[in-house]
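To start, the structure under review is shown below, and the notes come after it.
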Amino acid sequence: MSEKAAKTLDTAEGTGVGAQAKGHVKEPLNVVVGVSGGIAAYKACHLVREFTEAGDSVRVVPTPSALNFVGAATFEALSGHPVDTGVFSRVDEVQHVRVGKEADLIVIAPATADTIARIAAGRANDLLTATVLVATCPVVLAPAMHTEMWENPATQDNVATLRRRGVIVLEPAHGRLTGTDTGPGRLPEAAQIAAMARTVVEAGKFGRTLKGKKVVISAGGTQENIDPVRFIGNRSSGRQGFALADIAVHRGADVTIVAGDTDELDTPPGAKIVRVQSTRDMKDAVDAAAVDADIVIMAAAVADYRPETEATSKLKKGQADDALSTLHLVENPDILRGLAEKREAGETSAVIVGFAAETDDPLELGRAKLKRKGADMLMVNSVAGGKVFGELRNSGWLIGADGSTEDIADGPKHVVAARIWDAIEKISSGAGESIRQN
Ligand code: CTP
């Protein structure tokens, strides 16, 4: 077995603790960035940078029409490698075979309707499609086109064919397209594409395993107003919740995110997003979406208390009632606990997953919290010394209601998200029934 095939197998089969540690691929990757002929081709330059700055080796393989948008010299300078488009360049090196065989990952961004159609049909009429046909590594396509082209049954059939064969076709983002039209069809940002592509290699197992599942994920921090300019709230970037949403979308789920305050993150393409501010707003939105959900994940950092009254005018320092120095707080509802109670009352049958960020004794406190909340699983992490908030990586332990504990090795938040989903899928496929009855 080739080294590359062995590596892919390691990652694809990694579900247990030891296997996951093995599947954490850290060595630089040989990445082929394919570029097809669409206006978003300029964003491929940023994508090349994402990989080279992470230490990966990049070969850019544009289609001939991509060079109408960005010149070969730009791709050569950014990647440090020569750029060819046809199977008849450098024939002595048999490029269309060599480039595909050496690749650990192929990412095509933008993937136009025509390139998607040619790959689905197994064509090999340029260097890019020939490379894809030869490759045995993961292939990730990031489509970009007008909404009508994306929604056309021809394109949708081609996408379904490719996904059935194991090609990862990312959801296009929703937004401004060329000209004045808006809708699904926009190329996601380079960082989003790179994060998903890297996860496919590091976490492996990227089937449509959540197809038909309705998933609700809360993310970010809630805020409680003191007056029109001040609030109390919890710290959270929303990154882990968004990464969970990204993975769920690409495993085929129908995903609703209920988001409080998040860093300026790009929203995960393909997910619906409901924006809320306070804990009570979040509870209303989560409860409404949970009614017919299969899985609910509370990744949000929820403000436990709110001021008893919200001042309608800005409070001033040194006023007679000294309202600012002595805030009277009342407890907010516990959304997670409330979901478990709804399930006990038969109002939802969702698998319920929570998060816990602890500074001391994370495992012991996590186990007690899981019991108190009535959830099926809790992802516990240590935030001692301000760790994790806003960071790109995470680690911790997944504790189950059956008493199980699984180490989640340090990794990018998307990779951690993929591992959390592997565990949730086990519960949701029925193995969880016994957990819940315990
Ligand atoms: N949570 C919730 N509603 C709340 C508080 C927390 O749904 N009012 C959820 C969080 O989204 C998370 C889990 O409960 O999934 C644990 O949150 P955490 O703040 O750690 O728990 P608390 O019950 O607030 O306990 P602590 O005293 O440690 O803050």
Side-chain angles (χ1 to χ4, degrees), residues 215-225 231-245 248 256-262 274-291 293 295-308 329-344 347-348 350-384 386-389 394 396-401 408 413 416-417 420-421 423-424 427:
V215 168
V216 179
I217 300 170
S218 71
T222 59
Q223 296 178 344
E224 304 292 345
N225 289 340
F231 64 84
I232 50 175
N234 279 28
R235 292 176 66 185
S236 171
S237 68
R239 271 182 203 285
Q240 189 63 73
F242 278 19
L244 282 159
T256 301
I257 304 171
V258 179
D261 182 50
T262 56
V274 182
R275 288 276 177 191
V276 294
Q277 190 193 1
S278 70
T279 299
R280 285 175 299 169
D281 295 342
M282 180 169 277
K283 179 176 169 54
D284 289 347
V286 169
D287 283 353
V291 174
I295 299 153
V296 183
I297 307 179
M298 282 297 301
V302 180
D304 291 313
Y305 291 89
R306 67 179 184 278
E308 193 169 24
L329 302 178
V330 291
E331 196 171 342
N332 269 326
D334 188 319
I335 306 170
L336 187 61
R337 176 68 216 148
L339 284 167
E341 283 164 5
K342 279 178 188 296
R343 191 169 64 189
E344 280 158 30
E347 292 171 38
T348 175
V351 170
I352 300 169
V353 179
F355 269 69
E358 304 288 353
T359 52
D360 314 294
D361 293 330
L363 272 177
E364 200 176 311
L365 292 176
R367 284 192 190 108
K369 192 169 281 183
L370 176 73
K371 216 170 192 163
R372 203 166 63 238
K373 303 269 187 181
D376 298 302
M377 191 188 281
L378 209 62
M379 167 71 188
V380 189
N381 55 18
S382 168
V383 287
K387 251 179 71 191
V388 176
F389 292 117
N394 198 1
W397 303 268
L398 269 182
I399 52 178
I408 299 292
K413 285 185 172 169
V416 167
I420 293 173
W421 272 116
I424 296 174
I427 295 185

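Numbering of ligands and ligand atoms starts at 1, following listing order. The analysis underlying the following values was restricted to heavy atoms, covering all of them including side chains, and did not include hydrogens, waters or symmetry mates.
Between the Ser278 side chain and the Gln223 main chain, no donor and acceptor come within less than 3.5 Å of each other. No donor-acceptor pair under 3.5 Å is formed between the side chain of Arg280 and the backbone N or O of Asn332. A donor-acceptor pair under 3.5 Å is formed between the side chain of Thr222 and the backbone N or O of Ala303. Checked by atom type and distance alone, the side chain of Asp376 never pairs as donor or acceptor with a backbone atom of Val353 at under 3.5 Å.
Here the heavy atom of the protein found nearest to atom 4 (C) of ligand 1 is Val302 CG1, 3.5 Å. Nearest protein heavy-atom neighbour of atom 28 (O) of ligand 1: Lys369 NZ, 2.7 Å.
Residue Glu341 places its CD atom among more than 12 non-hydrogen atoms of other residues, nucleotides or ligands, all under 6.0 Å distant.
Using a 4.0 Å cut-off between charged nitrogen and carboxylate oxygen, Glu347 and Lys342 count as a salt-bridge pair.
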Checklist entry - Hey, mind stepping through Gln277 and Asn225 against side chain to side chain contact (heavy atoms under 4.5 Å, CB included) and telling me if it holds? => result CA-CA 9 Å; Gln277 190 193 1; Asn225 289 340; 2.9 Å; yes
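Under the 4.0 angstrom criterion for non-hydrogen atoms, Pro333 is in contact with ligand 1.
Between Ala219 and Gly238 the shortest heavy-atom distance is CB-O, 4.2 Å.
In terms of N/O distances under 3.5 Å, ligand 1 is approached by Phe355. Polar contact with ligand 1: present for Asp304 (N/O pair, distance under 3.5 Å). Taking only nitrogen or oxygen atoms, main chain and side chain alike, Ile335 reaches within less than 3.5 Å of ligand 1. Remark: ligand 1 and Met298 share an N or O pair separated by less than 3.5 Å (distance only, no angle test). Between Ala300 and ligand 1, an N or O atom pair is found at a separation short of 3.5 Å.
Across Leu336, Leu339, Val380, heavy-atom proximity to atom 9 (C) of ligand 1 is greatest for Leu336. Within the set Lys373, Glu331, Met379, Arg337, the minimum heavy-atom distance to atom 6 (C) of ligand 1 is found for Lys373.
Contact atoms of ligand 1 toward Gly354: 15 (O) (distance under 4.0 Å to a heavy atom of the residue).
Per-atom contact check: atom 21 (O) of ligand 1 touches the protein, criterion being a heavy-atom distance below 4.0 Å.
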